[in-house]
2 protein chains.
Amino acid sequence: MSKTTETKRVPSPAAGSTAGEAWEVLASLVYPPPFLAIAQESGLRPATFGALRVLDEPRAMSEIAALLRCDNSNVTGIVDGLEARGLAERTASPGDRRVKLIALTAEGRRLRGRLMREARKPPAWLEGLSSDDQRTLRDVLRRATA
Amino acid sequence: MSKTTETKRVPSPAAGSTAGEAWEVLASLVYPPPFLAIAQESGLRPATFGALRVLDEPRAMSEIAALLRCDNSNVTGIVDGLEARGLAERTASPGDRRVKLIALTAEGRRLRGRLMREARKPPAWLEGLSSDDQRTLRDVLRRATA
DNA sequence: TATTGTTATACTCTATAACTATA
DNA sequence: TATAGTTATAGAGTATAACAATA
């Protein structure tokens, strides 16, 4: 869970700059992250949810470890959990018999689709903005990444 | 660490709405949270950083647990860690001798001040926006919380 | 009796190191 | 010899339950 929220709980002094003011409001809106709640509600543990997320296609264990930025040895347990729930299967790699490809089952693909759609859903405060404000926000943020 | 980033890693289908588009960009900008990196660089573990954050004034163990949304029993260990580092002290509560008030030491206050200033610092992408865009962003976000 | 904080215990997530089976 | 994955083990973070001191 989040012991990470900053604003609103600790009374913060005036930020002193426009960027600081914007950041203060933004942090209060996006932390804690909504997808943590989604993982919890789905009954999946964070690590399992993370693995499901990157399994958009069959991947080797080491590939999953790299995407999750964790050690290979963890992936063994995480994939064990996915297999136990019937969400994924270890399959042999055609070229290299050391490699195991992890593929979602039909049920795994169903669950993943549902959770990914949920995770992409904009939070209520964003849906509640006027269409103009939504467009403005989107455009400013796009300039920030340009 | 973050096994929580969504955008940019998994190719996501077009969001299909202005809010969805805005959210997609926003998520790529704010996850993983910058204060996780701050905690790590400071050599504090996330739980310790969280406790330090809520100790703007002396607080009872149970109060800390409530703010961190964790069990009382965890706070014992977290405060043990703060004490071992010389950052906080258990002091007796004047009214109720069951209660222990945790107060930061001078060193704890110094470190907390430094970390909080760091955590409030707007990220580079926000500082890099034009003044106009910063103001626009701030005002839209303020309307979202109104 | 009820409450505050501690201890005992257990489960999850993470990492390192030693091991296996391939290459 | 090197690599992919597993196992053994350990440390941190979390939770529940039983306990001591105090109310």
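By convention in this document, chain letters (A, B, ...) are assigned in the order of the sequence lines, proteins followed by strands, and residues within each chain are numbered from 1.
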Please check if the side chain of [X] supplies one atom and the backbone of [Y] the other of a donor-acceptor pair under 3.5 Å.
| X | Y | answer |
| --- | --- | --- |
| A/T18 | B/R135 | no |
| A/R90 | A/L101 | no |
| B/S93 | B/K100 | no |

Measure from the side-chain heavy atoms of [X] and tell me the nearest of [options].
| X | options | answer |
| --- | --- | --- |
| A/R45 | C/dC13, D/dG13, D/dG5 | C/dC13 |
| B/K100 | C/dT16, D/dG13, C/dT6 | C/dT6 |
| B/M61 | C/dA15, C/dG5, D/dT16 | C/dG5 |

Do any N or O atoms of the protein come closer than 3.5 Å to N or O atoms of nucleotides 18-23 of chain D, and which pairs are they?
from	atom 1	to	atom 2	distance (Å)
D/dA23	OP1	B/R97	N	2.9

Please give, in whole Å, the distance from [N] [atom2] to [X] [atom1]?
| X | N | atom1 | atom2 | value |
| --- | --- | --- | --- | --- |
| B/R59 | C/dT4 | CZ | P | 16 Å |
| B/L68 | D/dT14 | CG | C1' | 12 Å |
| A/F49 | C/dC13 | CZ | C1' | 17 Å |
| B/D71 | C/dC11 | CG | P | 17 Å |

Charged N-O contact under 4.0 Å between A/K121 and A/E127: no

Same cluster (ILVMFWY, side-chain, under 4.5 Å), B/V99 and B/L68: no

Any donor-acceptor N or O pair under 3.5 Å, side chains A/S130, A/D132: no

A/R69 vs C/dA15: side-chain N/O to OP1/OP2 distance below 4.0 Å: no

Within residues 72-86 of chain A: residues closer than 4.0 Å to DNA chain C (heavy atoms): A/S73, A/N74

Which atom of B/W125 lies closest to which atom of A/A144, heavy atoms considered: CE3-CB, 3.6 Å

Euclidean distance, B/R59 CZ relative to B/L67 CG, rounded to 0.5 Å: 5.0 Å

Aromatic ring proximity B/Y31/A/F35, centre distance under 6.0 Å: yes

